[in-house]
Amino acid sequence: MLNVEDMMVEDVSLDDSPLRDAPVLVARVRCGKGALRCSRCGRKAPRYDNGGGGRSWRHQDFGCFRVELSGPVPRVECRLRGVVVSRVPWAEPGGRFTRDFGSGCAWLMTVAGQKTVSGFPHIAWRTAGDGAGRIDSSVAEHRPNAERVLDPFHIVSWMTDALDRVGKRLWNQARRDGNTTAAGAMRGVEYAVPGNPGDLTERQSTALATLADADPKGRLYRSWQLREPLRTLPRQPVERAEAELKRWIGRASRCRIPEIVEPCGKIRRRRDDILTTIRLGHSNARIEAFNNKIKVTIRMAHGFRDTDNLIAMIKLRSAGPPIHLPTPIP
């Protein structure tokens with residue numbers, strides 16, 4: 001039923017703990033018998049250790065229940081790649097989803113909008129638009145020597161979105177508990193917290209200064225403190241940035257704020273790309289702008305009879321030839 005070869009199912013249980021927003025069917029699995037292989041190059045490699053515990057991957061749903069695969073992933077010592085996790089037959093290296101789950105979401109993205117895709121398999125809206133896993137595997141196959149960089153804006157936006165979710169949760173919690181003082185204080189910094197310290201008005205700065213005392217357990221204030229180092233990180237030398245990023249990951253992983261878990265894990269996975277961005281001084285901002293122009297063109301192309309017309313329109317709007325309306329000749 002899981003549709004994965006070379007996999008042994010050891011146990012299946014229903015996890016309905018309060019830490020989950022919905023019951024999850026957890027299948028504890030392990031790889032079938034066979035030699036361990038490097039997850040990067042696919043070569044056989046000897047076992048290095050047990051990998052420090054089990055891992056989980058989101059799988060396709062069974063009816064109305066979400067499904068997770070959970071199991072141990074030992075590390076191997078590859079003579080080319082060094083110490084890496086061993087390959088598993090159901091997921092890509094470093095991925096949080098199984099191959100079948102990713103393929104299903106990718107197919108949905110071709111026939112439906114991002115909001116529909118995020119709602120149908122019960123994933124976050126930003127996750128539906130995050131193609132990092134597919135991009136990495138494609139780049140590794142076709143351009144193995146390429147160095148990938150990230151737009152610093154995206155790095156900060158991950159934490160800004162987390163700040164927004166923390167604020168909404170704590171504000172709603174304070175209202176339910178009848179704590180009007182905390183609810184009023186947090187509402188006063190609704191627009192101050194996402195802003196940069198240098199761009200705040202006097203009123204916003206005053207509201208932000210009182211946040212540490214008004215917020216229960218200081219969670220929103222601590223979340224804001226975690227965002228600020230990321231905002232200044234790209235302007236630092238790469239050696240200092242590497243140390244600051246390592247320190248930031250340690251602080252974020254121990255903060256015990258649920259909304260910070262996702263951006264912390266994402267930044268940990270993209271650590272090398274972030275440092276490459278700082279070292280090279282480049283970003284993918286121009287590519288992101290080009291992608292946005294393509295998306296706008298696709299929305300304008302509703303009603304085109306074939307994709308050739310759409311591709312022609314994208315080339316026309318993106319190639320940059322000067323096109324002007326005719327004007328009277330003096």
Side-chain angles (χ1 to χ4, degrees), residues 1-78 81 83-108 117-124 126-128 130 132-134 136-137 249 252-266 268-269:
M1 294 179 69
L2 294 176
N3 194 36
V4 179
E5 296 182 354
D6 298 328
M7 181 180 70
M8 304 295 293
V9 179
E10 297 181 336
D11 181 55
V12 178
S13 60
L14 186 63
D15 185 357
D16 57 351
S17 66
L19 298 178
R20 297 185 181 271
D21 56 355
V24 176
L25 194 66
V26 179
R28 182 164 182 80
V29 300
R30 61 177 175 84
C31 296
K33 294 182 179 181
L36 296 176
R37 293 182 177 272
C38 173
S39 59
R40 302 296 178 178
C41 65
R43 292 182 173 87
K44 294 181 180 179
R47 178 190 292 265
Y48 181 78
D49 60 16
N50 293 328
R55 303 192 182 190
S56 298
W57 300 265
R58 177 71 185 280
H59 194 51
Q60 291 176 300
D61 295 353
F62 281 168
C64 61
F65 287 97
R66 305 178 192 180
V67 178
E68 283 185 2
L69 304 185
S70 175
V73 181
R75 294 195 298 176
V76 297
E77 188 172 11
C78 177
R81 304 286 183 168
V83 177
V84 296
V85 296
S86 62
R87 185 175 66 178
V88 295
W90 53 82
E92 296 290 341
R96 296 179 293 134
F97 309 100
T98 64
R99 289 192 180 94
D100 284 352
F101 186 89
S103 297
C105 290
W107 180 84
L108 281 173
V117 177
S118 63
F120 188 74
H122 306 105
I123 56 177
R126 290 183 62 85
T127 303
D130 184 7
R134 296 189 294 274
D136 285 345
S137 59
I249 293 174
S253 61
R254 297 189 299 268
C255 70
R256 297 184 180 181
I257 302 175
E259 291 81 1
I260 306 298
V261 173
E262 180 186 355
C264 179
K266 189 180 296 185
R268 182 186 287 109
R269 292 191 301 273

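Quick note: residue numbers are just sequence positions, from 1.
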**Message:** Can you confirm whether Trp90 sits close enough to Leu2 that some side-chain heavy atom of one is under 4.5 Å from a side-chain heavy atom of the other?
**Reply:** no

**Side-chain touch Asn3/Gln60, heavy atoms, less than 4.5 angstrom** = no

**Asked** Which value, rounded to the nearest 0.5 Å, describes the distance between Arg96 atom CZ and Lys266 atom NZ?
**Response** 7.0 Å

**Complete:** Residues Val76 and Arg37: closest non-hydrogen pair is CG2-O, 4.1 Å

**Asked** side chain to side chain contact (heavy atoms under 4.5 Å, CB included) between Asp15 and Glu68: does it pass, once the steps are laid out?
**Response** CA-CA 10 Å; Asp15 185 357; Glu68 283 185 2; over 6 Å; no

**Message:** If I compare all heavy atoms of Ser253 with all of Arg268, which pair ends up nearest, and what's the gap?
**Reply:** CB-NH2, 3.7 Å

**Message:** To check you understand the geometry: which heavy-atom pair defines the closest contact between Met7 and Leu69, and what is its length?
**Reply:** SD-CD1, 4.2 Å

**Request:** Answer yes or no: are there more than 12 heavy-atom neighbours, outside Glu5 itself, under 6.0 Å from its atom CD?
**Result:** no

**Message:** Main chain of Gly63, side chain of Asp61: is a donor-acceptor contact present, judged purely on distance under 3.5 Å?
**Reply:** no

**Prompt:** For the residue pair Phe62 and Val67, what are the closest heavy atoms and their distance?
**Reply:** N-CG2, 3.6 Å

**Message:** For Pro93, is there any backbone N or O sitting under 3.5 Å from a side-chain donor or acceptor partner on Ser39?
**Reply:** no

**Item:** Counterpart residues, salt bridge (Lys or Arg N to Asp or Glu O under 4.0 Å), relative to Asp11 (two or more places apart)
**Value:** none

**Request:** Determine the minimum heavy-atom distance between Arg99 and Ala91, stating which atoms define it.
**Result:** NH2-O, 3.4 Å

**Request:** Any chance you could measure Arg30, atom CZ, to Ser70, atom OG, to the nearest 0.5 Å?
**Result:** 14.0 Å

**Prompt:** Any side-chain heavy atom of Cys264 sitting closer than 4.5 Å to one from Glu259?
**Reply:** no

**Counterpart residues, ring pair (Phe, Tyr, Trp, His ring centres under 6.0 Å), relative to Phe101 (two or more places apart)** = Phe97

**Pairwise side-chain contact, Val73 with Ser86, heavy-atom cut-off 4.5 Å (strictly under)** = yes

**Request:** Report yes if the side chains of Arg58 and Arg66 come closer than 4.5 Å at any heavy-atom pair, otherwise no.
**Result:** yes

**Item:** Minimum-distance pair of heavy atoms, taken over all atoms of Ala45 and Glu77
**Value:** CB-O, 3.7 Å

